[in-house]
Participant: 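There's a structure below that I have some questions on.
All values below were derived from every heavy atom in this structure, side-chain atoms included, with hydrogens, water molecules and symmetry-related copies excluded. Being a predicted model, the structure only gives us computed values, none of them experimental. A note on names: the letters A, B, ... follow the listed sequences, proteins ahead of strands, and every chain is numbered from 1.
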Amino acid sequence: DVKVTQSSRYLVKRTGEKVFLECVQDMDHENMFWYRQDPGLGLRLIYFSYDVKMKEKGDIPEGYSVSREKKERFSLILESASTNQTSMYLCASRTGGTDTQYFGPGTRLTVL
Amino acid sequence: TQLLEQSPQFLSIQEGENLTVYCNSSSVFSSLQWYRQEPGEGPVLLVTVVTGGEVKKLKRLTFQFGDARKDSSLHITAAQTGDTGLYLCAGAAGGTSYGKLTFGQGTILTVHP
């Protein structure tokens, strides 16, 4: 079974703090994704990575950056957290040749 | 930008009733997936439909992909309390999109005993 893990289930940060969300997958998948999920808006793509050190902006990249130094790990960085970044953050991975994405359990981030 | 309109946003029904959730778009997708998400967890894939007009069944769940591959539906027969959750449709653009998915807004289903 594919396993995608996220470093924290719940996180509380203060406005202006730098926040790191970590995601690790154990199936050697090429592609990894970061989404945020808000009620009534579904999942919106923040960034994705199609290979190590390769990244592309998704639909809502403003205020976020990412890092993929190793194939199994994809990090989402909030350079200066703001209250409107309070949300559920979901990481997913996918291998080439299939559209199926495997999701982690999510990190619920609250920015005060 | 591709959009997927999912409806209804909320469904509250009694156990034993039938229901249908719809996903519609003006864009063509190479495949369409349905996920189910429980509170505190990430979405889990239920099914992928690929061919226009395709129908797939998963026990009491029936999934259909429109002939033009722009829309899909999920039908649940004789709903049970265990079906409660958030249902998400997601369309794949295919080609060189690196597997990016466009998600619908989600349907929160509550099945009452």
Participant: Could you look at F10(B) and say if it's the side chain, the backbone, both or neither that has a heavy atom under 4.5 Å from chain A?
Facilitator: neither
Participant: Which bit of Q37(A) is near chain B, if near means a heavy-atom gap under 4.5 Å: side chain, backbone, both or neither?
Facilitator: side chain
Participant: Answer whether the closest heavy-atom distance between the side chains of Y35(A) and L101(B) falls below 4.5 Å.
Facilitator: yes
Participant: What part of E41(B) lies closer than 4.5 angstrom to a heavy atom of chain A: side chain, backbone, both or neither?
Facilitator: both
Participant: Under a 4.5 Å side-chain heavy-atom rule over Ile, Leu, Val, Met, Phe, Trp and Tyr, are L109(B) and F63(B) clustered together?
Facilitator: yes
Participant: If I measure from the heavy atoms of chain B, does R9(A) come under 4.5 Å with its side chain, its backbone, both, or neither?
Facilitator: side chain
Participant: Checking Q6(B) against chain A: side chain, backbone, both or neither under 4.5 Å from a heavy atom?
Facilitator: neither
Participant: Let me confirm one number: the NZ-CD distance from K100(B) to E56(A), rounded to the nearest 0.5 Å.
Facilitator: 6.0 Å
Participant: Are Y102(A) and V47(B) joined in one hydrophobic group, where the rule is that I, L, V, M, F, W and Y side chains link up if heavy atoms are under 4.5 Å apart?
Facilitator: no
Participant: Taking V66(A) as the starting point, is it possible to reach V24(A) by hopping between hydrophobic residues whose side chains are less than 4.5 Å apart?
Facilitator: no
Participant: Around R44(A), counting heavy atoms of other residues, nucleotides and ligands shown, do more than 12 lie under 6.0 Å from its CZ?
Facilitator: yes
Participant: State yes or no: do Y89(A) and Y47(A) share one hydrophobic cluster built from I, L, V, M, F, W and Y residues joined by side-chain heavy-atom distances below 4.5 Å, directly or via other members?
Facilitator: yes
Participant: Please classify the contact of L86(B) with chain A as side chain, backbone, both or neither, using a heavy-atom distance under 4.5 Å.
Facilitator: side chain
Participant: Would you mind telling me which of G104(B), P43(B), G106(B), S31(B) has the largest number of heavy-atom pairs within less than 4.5 Å of chain A?
Facilitator: P43(B)
Participant: Heavy-atom distances under 4.5 Å only: say whether L41(A) touches chain B with side chain, backbone, both or neither.
Facilitator: backbone
Participant: Mind checking whether M32(A) and M54(A) sit in one hydrophobic cluster, side chains of I, L, V, M, F, W, Y counted as touching below 4.5 Å?
Facilitator: no
Participant: Any chance you could measure F29(B), atom CZ, to D99(A), atom CG, to the nearest 0.5 Å?
Facilitator: 11.0 Å
